[in-house]
Amino acid sequence: MIKDKKRRTARIVALLKKEYPDSGCSLKFKSAHQLLVSTILSAQTTDEAVNKVTPGLFKKYKSIEDFAAADISELEKDIATVGLFRNKAKGIKLTSVELLHRYGGVVPDSLDEIITLPGVGRKTGSVVLGTWFGKAEGIVVDTHVKRISRLLGLTEHTDADKIEQDLMKLVVKTDWIIFTHLIIDHGRAVCIARRPRCDSCVLNRLCPSAERI
DNA sequence: CTCCCGATAT
DNA sequence: ATATCAGGAG
């Protein structure tokens with residue numbers, strides 16, 4: 001029953017809020033554009049690795065214009081340690097160019113517009129929308145949300161868009177932004193992909209996949 | 001579906 | 001050695 005699943009979801013969210021009271025974005029940024037760059041860099045990469053690169057990066061490239069004018073191979077070297085650096089350097093430069101040409105240097109605050117930027121997909125766009133503008137047009141489904149939503153039995157799907165649709169029915173809208181942050185915190189600390197620590201998980205009794213204590 | 005990719009934990 | 005990390009594009 002969907003009603004029962006919604007209650008269980010609410011219980012899960014409540015427990016995670018108690019467990020991670022300071023849950024939120026762990027990227028370092030001072031502007032919408034810096035957040036956008038950081039989020040592009042964070043694809044398939046730990047936020048820790050991104051945060052090692054961005055302070056120096058934002059010191060070297062101080063404006064959107066600086067990123068738009070960047071030499072690609074130099075930018076690639078500047079971000080090399082995060083991996084997938086060719087795709088990301090291209091995305092950062094082209095997105096900065098597009099931002100200046102089509103949006104007057106202002107990061108758009110709608111999902112439809114922001115995902116038209118090169119290198120910015122639904123996940124990246126949704127992160128910027130939620131974290132900078134406080135807007136939730138959807139729920140961010142990253143690798144942790146994908147894995148843990150399935151383990152918790154909140155969805156049966158593997159496709160991120162379908163998982164998002166299921167979650168949008170289960171999570172109350174006011175929790176859409178915090179939900180992802182809570183799941184990510186939990187995914188990093190307890191429900192780790194390689195070895196879930198079911199023995200120290202506050203969701204043990206609510207999780208159909210848990211190894212019982 | 002495949003490719004892109006370095007750092008880190010196991 | 002290998003799986004995983006706030007994915008996106010062709």
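Quick note on labels: first sequence line is chain A, next is B, and so on, each numbered from 1.
Contact check of residues 150-168 of chain A against DNA chain B (heavy atom, cut-off under 4.0 Å) returns no residues at all. Residues from residues 109-133 of chain A that place a heavy atom under 4.0 Å from any atom of DNA chain C, listed by number: A/L117, A/P118, A/G119, A/V120, A/G121, A/R122, A/K123, A/T124, A/V127.
Without hydrogens or angle criteria, A/K93 side chain to A/A68 main chain gives a donor-acceptor distance under 3.5 Å. A/N204 places no side-chain N or O within donor-acceptor distance of the main-chain N or O of A/D199, the cut-off being under 3.5 Å.
Remark: P of C/dG8 and CG of A/D142 are 10 Å apart, rounded to the nearest angstrom. The CG-P distance, from A/D47 to C/dG7, rounds to 8 Å in whole Å. C/dA6 atom C1' lies 12 Å from atom CD1 of A/I148, rounded to whole Å. A/I79 has its CD1 atom 20 Å from the P atom of C/dC5, to the nearest Å. Rounded to an integer number of Å, the gap from CZ of A/F29 to C1' of C/dA6 is 12 Å.
Legend: residues meeting side chain to side chain contact (heavy atoms under 4.5 Å, CB included) with A/L111, ordered by chain and number and at least two apart, are A/I114, A/I115, A/R122, A/S126, A/L129, A/E137. A/S96 meets the side chain to side chain donor-acceptor pair (under 3.5 Å) test with A/H33; sequence neighbours excluded. Residues passing the salt bridge (charged side-chain N to carboxylate O under 4.0 Å, His left out) test with A/R188 are A/D47, sequence neighbours excluded. For A/R11, there are no side chain to side chain donor-acceptor pair (under 3.5 Å) partners two or more places apart in sequence or in a different chain. With sequence neighbours excluded, the residues forming a side chain to side chain donor-acceptor pair (under 3.5 Å) with A/K88 are A/T45, listed by chain and number. Residues passing the side chain to side chain contact (heavy atoms under 4.5 Å, CB included) test with A/E48 are A/T46, sequence neighbours excluded.
Residue contacts shown for A/H181 include a base, since a base heavy atom lies under 4.0 Å away. Residue contacts for A/T39: at a heavy-atom cut-off of 4.0 Å it reaches no nucleic acid atom on any strand shown.
Screening residues 144-188 of chain A for ring-ring contact (aromatic ring centres under 6.0 Å, His included) gives A/Y20-A/H186 as the qualifying pairs, with residues at least two apart or on separate chains. Every pair tested for ring-ring contact (aromatic ring centres under 6.0 Å, His included) that includes a residue from residues 85-115 of chain A fails, sequence neighbours excluded, so the list is empty. Residue pairs meeting the ring-ring contact (aromatic ring centres under 6.0 Å, His included) criterion with at least one member in residues 41-65 of chain A, sequence neighbours excluded: A/Y61-A/F67.
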Each nucleotide in nucleotides 3-10 of chain B should get exactly one letter: B, S or -. Can you fill that in based on protein heavy atoms under 4.0 Å? -BBSSSBB
